[in-house]
Amino acid sequence: MPELPEVETIARALREGGRDGPALVGRRIQGVSLLWRRTLAEPSPAEFETRICGQQITDIGRRGKFLVFTLDADSLLIHLRMSGDLLVEAQDALIAAHHRLLLELEGDLRLAFNDARKFGRVWLVADPQRILGGLGPEPLDPAFSAEALYQRLKNTRRQLKPLLLDQTFIAGLGNIYTDEALHMAGLHPRQAADSLSPGQAARLWESIRAVLLDGIQRQGASIDWVYRGGDFQNYFRVYQRTGEPCPVCGTPVARIVIGQRGTHFCPRCQPDPKGE
DNA sequence: CACGAGACCTGTTCGC
DNA sequence: TGCGAACAGGTCTCGT
């Protein structure tokens, strides 16, 4: 479900309050309820409970698509994968379908991890870098320049679409924002990374940032029954718009499959450099 | 090294 | 109406 803009929106809401609840920073974790074993990646359920109880939430942030809860002694990392969501509830609220992990907090609050497809994962670790260390650069980090992207693109011949989805290449992009960024940049999803000119790389860099900032500003995209959030889905250029006119040239949006992921693009604005 | 397929899961939508 | 297939915002592992 969530990509960088959705995770950022959730992190901000939990850190600063607003949306569906008050700020969680400063609150102590009082209790734990693990409803689906595999949701907890590490440590063991027993150690998780004894170790997290009593720790205070010092900060809440994001790295790539991971939510990062900084606690007194440890870091709680949460990856929502396809269908995960976080909800702040009263401690006596009914336990909704698909709740997988509950954290009881000071102030009669409960942080619920809801995840229909059970792909989401939670880690409690002393050193978050052990889990996050392999991630690529943050696309919105000022240190990530167009030149830096160009240099990374030159290192590989991989197709742009799967490359941008690779979290070790760049962190935070998923299927929606990758398709949107490639369309904005006028690049075919199968184009080889090392074939981009410096100008094309700069345009891709700008497009990635523009699409992500737009998504954050609209508080993410809400599709189907998952994630009740922003309204970026109303502004998709190509994603899930197969057959509808390209907003730039009117050509029907095409859908192909690359790396088992549905891929949407405009055949005219994003011509295949190799023909066909 | 780069790519495709299969797993992991549940729910919704679409075609017949 | 019913039923199976296809599809879904992610990532890991294995085989070629």
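What you see below is based on every heavy atom in this structure, not just the backbone, and it leaves out hydrogens, waters and symmetry mates. Lettering of chains follows the sequences in order, A, B, ..., and the numbering in each one begins at 1.
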Open item on the list: At less than 3.5 Å, do the side-chain atoms of A:R157 and the base atoms of B:dA2 form a donor-acceptor pair?
Closed with: no
*Under 3.5 Å, is there a donor-acceptor pair between the side chain of A:Q270 and the main chain of A:C266?*
yes
Testing B:dC9, C:dG9, B:dG4 for proximity to the side chain of A:Y239, the answer is C:dG9
To the nearest angstrom, the CD1-P distance between A:I223 and C:dG10 comes to 10 Å
Which of B:dA2, C:dG10, C:dA8 is nearest the side chain of A:E3? It is C:dG10
Distance check: side-chain N/O of A:K65 vs OP1/OP2 of C:dG9, anything under 4.0 Å?
no
From CG of A:D179 across to C1' of C:dG10 the rounded distance in Å is 14 Å
Which is true for A:R121 with a 4.0 Å heavy-atom rule: it touches a base, it touches only sugar-phosphate, or it touches nothing? nothing
note: A:I258, atom CD1; B:dA5, atom P; distance rounded to Å ~ 13 Å
_Regarding A:D166 and A:R158, does a basic nitrogen lie under 4.0 Å from an acidic carboxylate oxygen?_
yes
### Message
Need one value for A:G259: base, sugar-phosphate or nothing, where a base atom within 4.0 Å counts as base even if backbone is also close, heavy atoms only.
### Response
sugar-phosphate
In short, A:A112 meets A:L102 closest at the heavy-atom pair CB-CD2, 3.7 Å
Atom P, compared across C:dC7 and B:dG4: separation rounded to whole Å: 16 Å
Tell me, do A:F169 and A:L149 make a side-chain contact under 4.5 Å, heavy atoms counted? yes
| Roughly how far apart, to the nearest Å, are C:dG9 and B:dC3 at atom C1'? | 23 Å
If the cut-off is 4.0 Å, is A:K118 near the phosphate of B:dC8, judged by side-chain N/O to OP1 or OP2?
no
If pairing means Watson-Crick or G-U wobble with both distances under 3.5 Å, then the partner of B:dG4 is C:dC14
Is A:T156 near enough to B:dA2 that one of its side-chain N or O atoms lies under 4.0 angstrom from OP1 or OP2?
yes
### Query
Expressed as a whole number of Å, how far does the P atom of C:dG4 sit from that of B:dC9?
22 Å
From CG of A:L132 across to P of C:dT11 the rounded distance in Å is 12 Å
Taken to the nearest whole Å, CG/A:L135 to P/C:dG10 is 14 Å
Review point. Can the ring centroids of A:Y177 and A:F232 be said to lie less than 6.0 angstrom from one another?
Key: yes
Closest to the side chain of A:Q159, out of B:dC3, B:dG6, C:dG9, is B:dC3
Testing B:dC9, B:dT10, C:dG9 for proximity to the side chain of A:H98, the answer is B:dT10
So, is A:Q167 near the phosphate of C:dG10, with a side-chain N or O under 4.0 Å from OP1 or OP2? no
A:Q240 CD to B:dT12 P, in whole Å, measures 15 Å
Ranking B:dA5, C:dT11, C:dG9 by distance to the side chain of A:A221, first place goes to C:dG9
Look at the side-chain N and O atoms of A:R38 and state whether any lies under 4.0 Å from the OP1 or OP2 oxygen of B:dA7. no
Winner on side-chain proximity to A:R117, out of B:dG4, B:dT10, C:dG9, is B:dT10
Quiz prompt | Near-parallel close stack of A:F119 and C:dT11 base (under 5.5 Å, under 30°) | solution = no
Inset, instruction - Kindly say whether the aromatic ring centers of A:W205 and A:Y150 come within a distance under 6.0 Å. - result: no
From CG of A:L163 across to C1' of B:dA2 the rounded distance in Å is 11 Å
Scanning all shown strands, the Watson-Crick or wobble mate of C:dA5 with both distances under 3.5 Å is B:dT13
Taken to the nearest whole Å, CD1/A:I256 to P/C:dC7 is 14 Å
Pairing of A:E47 and A:R51 as salt bridge, 4.0 angstrom limit | yes
Between the base of B:dG6 and the side chain of A:Q260, is there a donor and acceptor pair under 3.5 angstrom?
yes
